[in-house]
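What follows is a set of notes on a single structure, which appears directly below.
So you know, we letter chains A, B, ... as the sequences are listed, proteins then strands, and number each from 1. Only a predicted model underlies this, so the values are computations on that prediction, with no experimental measurement involved.
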Number of protein chains: 2
Amino acid sequence: MKESLLIDNLSIDCVIFGFDEGKLKALFIKRNTEPCKGMMSLPGGFVYVDEDLTHVPARRLKDLTGLKNVFLREVGAFGKIDRYPERRVITIGYYALINSSDYKLDVGADAQDVRWISVDEVPELPFDHTEIFDAALIKLRKHVRYEPIGYNLLPEKFTITQLQTLYEAILNKKIDNRNFRKKLAKIGILKDLKEKQKNVSHRAANLYSFNKKKYETLVEKGYTFDF
Amino acid sequence: MKESLLIDNLSIDCVIFGFDEGKLKALFIKRNTEPCKGMMSLPGGFVYVDEDLTHVPARRLKDLTGLKNVFLREVGAFGKIDRYPERRVITIGYYALINSSDYKLDVGADAQDVRWISVDEVPELPFDHTEIFDAALIKLRKHVRYEPIGYNLLPEKFTITQLQTLYEAILNKKIDNRNFRKKLAKIGILKDLKEKQKNVSHRAANLYSFNKKKYETLVEKGYTFDF
DNA sequence: ATAGTATATTGTAATAATGAAACTGACTTT
DNA sequence: AAAGTCAGTTTCATTATTACAATATACTAT
């Protein structure tokens, strides 16, 4: 049985992004302890003395959603003197990208304390969580332009239209479909699965997956993207 | 007299970049306490309980170089279990850009414990300082491509050739002079000072300064750079 | 089978950015 | 005054980006 100590002045907070119904959303939980009991807030946690810092958000994600090997990026350190009312606590913010179909919340009665909220409908948050959330969204928007990390928000197999809708949701602007496809074709990091969508009431779209190998080769060669 | 407490499990470390003799350099200090006494290392420090986190690197810079209002960016949090041998300490890395002509080290005898070292000649460093340094350099290279932060490394008045040499040093590649000038002219964030270099043994170059106002206007309009 | 509906997919012309060479300017050194 | 050195401009060919609309396909309803 694990018996390690928590470091009580250092925490992490996580902005967990998902993509559903064509919208970019984030996962919030209702606080069940004081201070700020009852408010929706970012999932967070403290660091064990015998635990690497980067392990903490991964552990928290696993506890909350059951998901392992989640895509995680650091947002930054937040350390204003009075950010946490009880005592001096410095927190490290992270964002995670998950495929929300891997983690559909029960809409039943018991799940009231965990909610997906569209990023433009986020309510008032406790402590400096609004600042952390805003910083995470800004970083995501920057990162997604220069690295193909958006795939982490989609299922294994996806259509080009889904991918475009995702980019439009994150960057909050319309993208020309023909140019988008041309750019993707040129970069060549999509693997054509030679499969079609099923059970759709219109022309079925082709399915693709992300070609990670190809992407890593390009990065080594110093290739740079810009969506 | 200030009598506040240091938080002993949270520190900051600073990669201080300067540009001199056409080379990108960083400032290192020789440790005068154990552990690792005598090794060159990144300047760092601990956080006071009544001090905002972001104030710490600014204070350290001021103590070390006398410079205020230095350009500072966060690199990230470094929190491996055994990164610091004595006890569990998590550190936040920052990088700073300073105009090294504002802070010329005495090359005399007393300054042996502080040195500018070219970024491709950095020696072995204690703890995880190599990791922090590498991360800082990677971030600088990324940031400099999308924001005109390089100006912080140059004197108030500079020539376009100096600016180009700076970019070449940071990005470690040759840039076409004609296109570099065209791009600058188009962006229009340089203010032509209508002044010339003096005491040079060739045609004197025109001097410019950075037009911060213009830059901020462009950013508001959503302009994006790519050098 | 046919028409209707909804989404998938494709091409072309105009414009802008880039890369490369040849030339002029201003000052210094010999 | 001739030669050297770096500053800065002009021009042109090549390549990349942008803007823009018609056709193809799969399914549904009749």
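Counting to the nearest Å, the C1' atom of C:dA17 and the CG atom of A:D226 are 14 Å from each other. For the pair A:K198 NZ and D:dT25 C1', the interatomic distance rounds to 16 Å; values are reported in whole Å. Atom-to-atom, CD of B:Q164 to P of D:dG8 comes out at 11 Å; the value is rounded to the nearest Å. Distance CG (A:L207) to C1' (C:dT7): 14 Å, rounded to an integer number of Å. Between B:Q197 atom CD and C:dC27 atom P the separation is 12 Å, expressed in whole Å. Atom CD in A:Q162 sits roughly 13 Å away from atom C1' in C:dA8 (whole-Å rounding). Here the C1' atom of nucleotide C:dG19 and the CZ atom of B:F180 are 16 Å apart, to the nearest Å. Summarising the geometry, the separation between CD1 on B:I160 and C1' on D:dG8 is reported as 9 Å, rounded to the nearest angstrom.
You'll find a donor-acceptor pair under 3.5 Å spanning the side chain of A:R203 and the base of D:dA24, going by distance alone.
Panel note: side chain B:T159, backbone B:Q162; a donor-acceptor pair is recorded below 3.5 Å.
Between B:R181 and the phosphate of D:dG8, there is a side-chain N or O to OP1/OP2 separation shorter than 4.0 Å. For A:T161 and C:dA8, the shortest distance from a side-chain N or O to OP1 or OP2 is below 4.0 Å.
Minimum heavy-atom separation, B:G150 to B:V144: N-CG2, 4.2 Å.
Ring centers of A:F227 and A:Y167: under 6.0 Å apart, within the cut-off. Aromatic ring centroids of A:Y146 and B:Y146 lie under 6.0 Å apart.
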* Structure fact -> Each nucleotide of nucleotides 16-21 of chain D classed B (base within 4.0 Å of a protein heavy atom), S (only sugar-phosphate) or -, in 5' to 3' order, makes -SBBBB
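Looking only at atom types and distance, the side chain of B:Q164 has a donor-acceptor partner in the side chain of B:N177 under 3.5 Å away.
Below 30°, between 30° and 60°, or above 60°: for A:Y151 and A:F210 the angle between ring planes is below 30°, a parallel geometry.
When each of B:L193, B:L166, B:L190 is tested with B:F158 by the rule side-chain contact (heavy atoms from CB on, under 4.5 Å), just one qualifies, namely B:L190.
Nearer the 5' end of DNA chain D, as judged by each residue's closest nucleotide, is the contact made by B:A205, out of B:A205 and A:K196.
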